[in-house]
Amino acid sequence: MTDPQLVLTERVRLALADAFGAEFADADPLIRPSQFADFQANVAMSLARRLPDRPKPRDVAQAIADRLGDFPGTVEVSGPGFLNITLGDAWIADHAAHMFDDPRAGVPTTAPAATVVIDYSAPNAAKEMHVGHLRTTIVGDALARVHEHLGNRVVRQNHLGDWGTPFGMLIEHLLDIGEPAAVAQLEAGEGTEFYQAARQMFEADETFKRRARERVTTLQSGDADTLRLWHVFMNATIRYFNKIYAMLGVTLTDADIAGESMYNDMLAKTCADLEASGVAVLSEGALCVFPPGFTGSDDKPLPLIIRKSDGGYGYATTDLAAIRYRVHDLKADRILYVVGNDQALHFQMVFAAARMAGWLPDSASAEHIQIGMMLGKDGRRFKTRSGESVKLSDLLDEAIDRARAAIADRGYDDATREEIARAVGIGAVKYADLSVSHDSEYVFDFDRMLTLTGNTGPYMQYAQARIRSIFRRGGVDPASVTGPIVIGEAAERALALQLLGFPAVVERVGEAAEPHRLCAFLFDTATAFTTFFENCPVVKEGVPADTRASRLALCALTLRVLETGLNLLGVPVPDRM
RNA sequence: GCGCCCUUAGCUCAGCCGGAUAGAGCAUCGGACUUCUAAUCCGACGGUCGGGGGUUCGAAUCCCUCAGGGCGCGCCA
């Protein structure tokens with residue numbers, strides 16, 4: 001364990017138990033970063049009130065400090081009873097060295113491993129695919145990578161919108177324009193245009209409308225010819241999705257596809273079981289679950305409709321079937337739904353219904369990781385100037401174009417420039433999505449996300465590239481560096497201390513499902529490195545051999561942390577920029 | 001009516017498991033370039049943390065309330 005906050009928590013807890021008795025060993029020492037020291041412990045104030053003779057908080061703090069005499073650093077009582085803790089340089093160097101020797105850079109593996117089902121991306125083949133899907137894809141993928149790194153068993157579930165009434169008109173439109181033309185259009189990413197054309201026919205042409213409705217019926221009845229057409233449509237669409245995933249460097253594969261259609265065969269039983277157990281009841285001809293606590297506009301219970309009065313199933317049914325499948329068949333301990341926050345109420349009700357049915361036991365959690373809406377620079381829903389939704393590939397192309405322009409005069413050959421432009425452009429978009437908290441709206445702005453300063457992908461990539469540059473310049477392989485690490489300059493100390501916090505951040509990101517915390521950490525790390533870079537020459541002439549060895553080790557460790565962190569976010573890591 | 005998100009510096013956002021003087025980037029102003037990659041840095045300026053009440057030794061953070069903005073909510077997904 002290298003994380004200072006955790007080390008100190010344990011150490012101070014022992015001290016206060018020693019001072020006041022074992023019954024207080026459960027008290028959280030409240031170790032927090034401090035502006036007056038490396039860390040501060042805030043426990044004395046609250047603990048003073050719990051103690052029988054209600055001593056002064058400062059005395060409590062002093063009593064704890066007295067039992068930290070052997071601590072490798074300094075402990076001072078300050079203000080109303082704060083304990084200001086400054087770690088010794090040797091302690092920091094020692095733990096940094098320990099972290100450096102660990103291939104995992106101190107990140108522990110969860111034991112026992114949990115099964116984490118992550119539902120993300122889930123583009124809808126029959127609806128406009130908009131930039132909102134970009135965010136759930138990127139955030140979900142980062143969470144999958146983090147949980148995998150933590151040693152959990154991750155089951156990705158791409159809950160494609162691949163079923164439902166719109167497919168009647170989509171299939172008819174496919175027939176009208178011919179399969180080859182339809183496939184070409186869909187693979188080219190013009191699913192929205194395809195959908196709109198079908199929609200237009202549906203609204204304008206009564207014959208088409210009738211055909212579409214009949215097609216829905218034959219599709220749902222499992223008619224072989226119709227299913228074949230459906231597969232033609234879906235396969236082409238999925239090939240387009242895969243192009244986008246490849247471009248984005250997303251880890252989703254066809255094996256992770258678990259679209260709505262997958263649950264078709266379970267829907268009737270889902271309803272029957274819910275009805276038999278009394279969880280679902282008929283209301284106005286529809287089969288509904290009324291989870292307690294949900295009321296509508298007139299204070300009447302709000303239904304979750306699982307079978308429409310016409311006998312059809314909605315997405316609530318699918319979600320309930322999916323939750324049962326994920327718990328029972330996939331053995332999920334945790335299910336993360338990385339989905340837009342407009343579905344908050346829906347998921348609350350689905351989760352509540354699943355609990356009522358006993359399909360979601362207390363031992364498993366279902367969490368809606370709410371994704372906030374993406375806004376344009378004008379603060380309104382992200383659209384093109386003409387009001388169209390923005391095509392994902394166009395968006396990514398523009399990011400790459402801008403990145404390419406930024407490095408145009410750097411003297412790289414074409415292939416290298418292209419590789420860097422892709423890494424920087426895609427990295428900028430992904431990092432921008434990840435660096436703000438997932439549940440808030442966020443403003444999409446190319447200019448901001450592509451700058452080399454601030455909390456951006458390019459800045460993080462650049463910091464990392466500069467470290468590699470040092471190794472190149474020095475003719476040193478980062479893997480061959482051995483240290484030892486010695487703390488001299490303030491910038492070395494600050495960098496080493498910063499690095500020690502990496503494992504805890506990764507764990508926290510997994511627990512709280514908040515990738516933006518990793519971004520913030522990496523930004524702080526890159527900033528600390530930049531200060532080090534400005535102040536501490538490494539392979540320049542005149543640097544003593546031991547200093548050089550120590551700094552090379554710090555560089556190598558920083559590189560590992562930045563590279564690992566960016567990998568966990570799914571942000572590409574170019575060698576040079 | 002109900003649910004979710006939001007309201008913190010001119011702009012974009014952190015901080016919100018309560019802790020000392022609320023942070024960062026951009027923008028603005030001033031400074032640093034014969035570079036271990038200056039697209040990278042340093043400094044300055046800049047805030048009634050939407051309003052009010054409560055809990056607390058202590059509130060941007062917890063509770064209540066009001067206001068404003070966004071999104072959603074019985075047979076689309």
Side-chain angles (χ1 to χ4, degrees), chain A residues 28 30 32 34-36 40 42 45-46 48-49 57 78-82 84 122 124 126-127 159 161 163-166 260 283-288 293-300 302-310 312-316 318-319 340-349 368 370 372-373 375 377 379-381 406-407 409-410 435-437 439-443 445 447-448 450-456 458-459 462-463 465-474 512 516-517 519-520 523-524 526-527 530-531 533-541 543 551 555 576-577:
Chain A
D28 185 344
L30 300 171
R32 300 283 183 269
S34 174
Q35 55 192 315
F36 302 104
Q40 60 185 55
N42 299 333
M45 281 81 78
S46 54
R49 221 173 320 153
S78 169
F82 298 107
N84 290 345
N124 195 322
K127 272 189 167 180
H159 197 80
W163 204 252
T165 50
E260 292 168 352
S283 168
E284 295 174 31
L287 187 62
C288 305
F294 294 91
T295 52
S297 55
D298 41 13
D299 254 15
K300 284 200 289 197
L302 196 61
L304 184 69
I305 296 173
I306 58 170
R307 193 182 62 220
K308 298 185 281 187
S309 52
D310 68 0
Y313 305 110
Y315 72 139
T318 310
D319 280 336
N341 63 5
D342 55 350
Q343 294 196 41
L345 181 59
H346 167 71
F347 279 119
Q348 280 185 26
M349 294 182 73
H368 180 196
Q370 302 193 29
M373 200 171 51
L375 306 177
K377 257 174 118 167
R380 318 198 55 141
R381 195 192 285 267
I407 58 168
D409 55 359
R410 295 228 127 195
S435 61
V436 293
S437 40
D439 58 351
S440 59
E441 296 173 335
Y442 109 102
V443 176
D445 180 353
D447 292 326
R448 189 146 29 80
L450 279 160
T451 57
L452 208 60
T453 55
N455 192 8
T456 67
Y459 180 67
Y462 194 48
R466 290 165 91 186
I467 300 176
R468 291 184 198 278
S469 176
I470 292 174
F471 284 106
R472 265 196 304 273
R473 181 62 66 99
H516 78 279
R517 292 188 183 278
C519 294
F523 176 59
D524 289 342
T527 302
T530 299
T531 304
F533 184 87
E534 297 286 326
N535 294 289
C536 304
V538 181
V539 294
K540 279 183 178 169
E541 266 184 58
V543 179
R551 288 178 180 173
C555 286
R576 288 181 291 178
M577 283 175 69

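Proteins come first, then strands; the chains are lettered A, B, ... in the order of their sequence lines, and each starts at number 1. Keep in mind it's a predicted model, so treat the numbers as computed, not measured.
B:rA32 atom C1' lies 13 Å from atom CG of A:Asn535, rounded to whole Å. Rounded to whole Å, the distance from NZ on A:Lys540 to P on B:rU34 is 12 Å. When the C1' atom of B:rC4 is taken as reference, atom CZ of A:Phe347 falls 13 Å away, rounded to whole Å. Rounded to whole Å, the distance from CE on A:Met577 to P on B:rA39 is 11 Å.
Side-chain atoms of A:Gln370 lie closest to B:rC5 of the nucleotides B:rC5, B:rA39, B:rC2. Looking at the side chain of A:Val443, the nearest of the listed nucleotides B:rA39, B:rC36, B:rC13 is B:rC13.
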What string of B, S and - do you get for nucleotides 17-25 of chain B, 5' to 3', if B is base contact, S is sugar-phosphate-only contact and - is no contact with any protein heavy atom under 4.0 Å? B-BB---SS
Protein-proximity profile, nucleotides 70-77 of chain B, B/S/- by nucleotide at the 4.0 Å heavy-atom cutoff, equals SSB-BBBB
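Between A:Ser437 and B:rA14, a side-chain N or O to OP1/OP2 separation shorter than 4.0 Å is present.
Ring geometry for A:Phe347 versus A:His368: interplanar angle of 30 to 60°, hence tilted.
Remark: the separation of the C1' atoms in B:rC45 and B:rG23 is 16 Å, to the nearest Å. As rounded to the nearest Å, B:rC63 and B:rU55 have P atoms that lie 16 Å from one another. Nucleotides B:rU7 and B:rU12 have their P atoms positioned 11 Å apart, rounded to a whole Å. Only the C1' atoms considered, B:rG47 is 11 Å distant from B:rA60, to the nearest whole Å. Taking the C1' atoms as reference points, B:rU8 lies 11 Å from B:rC16, given to the whole Å. Across the C1' atoms, B:rG19 and B:rU61 are found 11 Å apart, a figure rounded to whole Å. The separation of B:rA24 from B:rG46, taken at their P atoms, amounts to 14 Å, rounded to a whole angstrom. Nucleotides B:rA59 and B:rC17 have their C1' atoms positioned 15 Å apart, rounded to a whole Å.
Using a 4.0 Å heavy-atom criterion, one finds that A:Cys536 contacts the bases of the nucleic acid, with or without backbone contacts as well.
Both key distances under 3.5 Å define a Watson-Crick or G-U pair, and stretches of 3 or more such consecutive pairs in RNA chain B run B:1-7 with B:67-73, B:10-13 with B:23-26, B:28-31 with B:41-44, B:50-54 with B:62-66.
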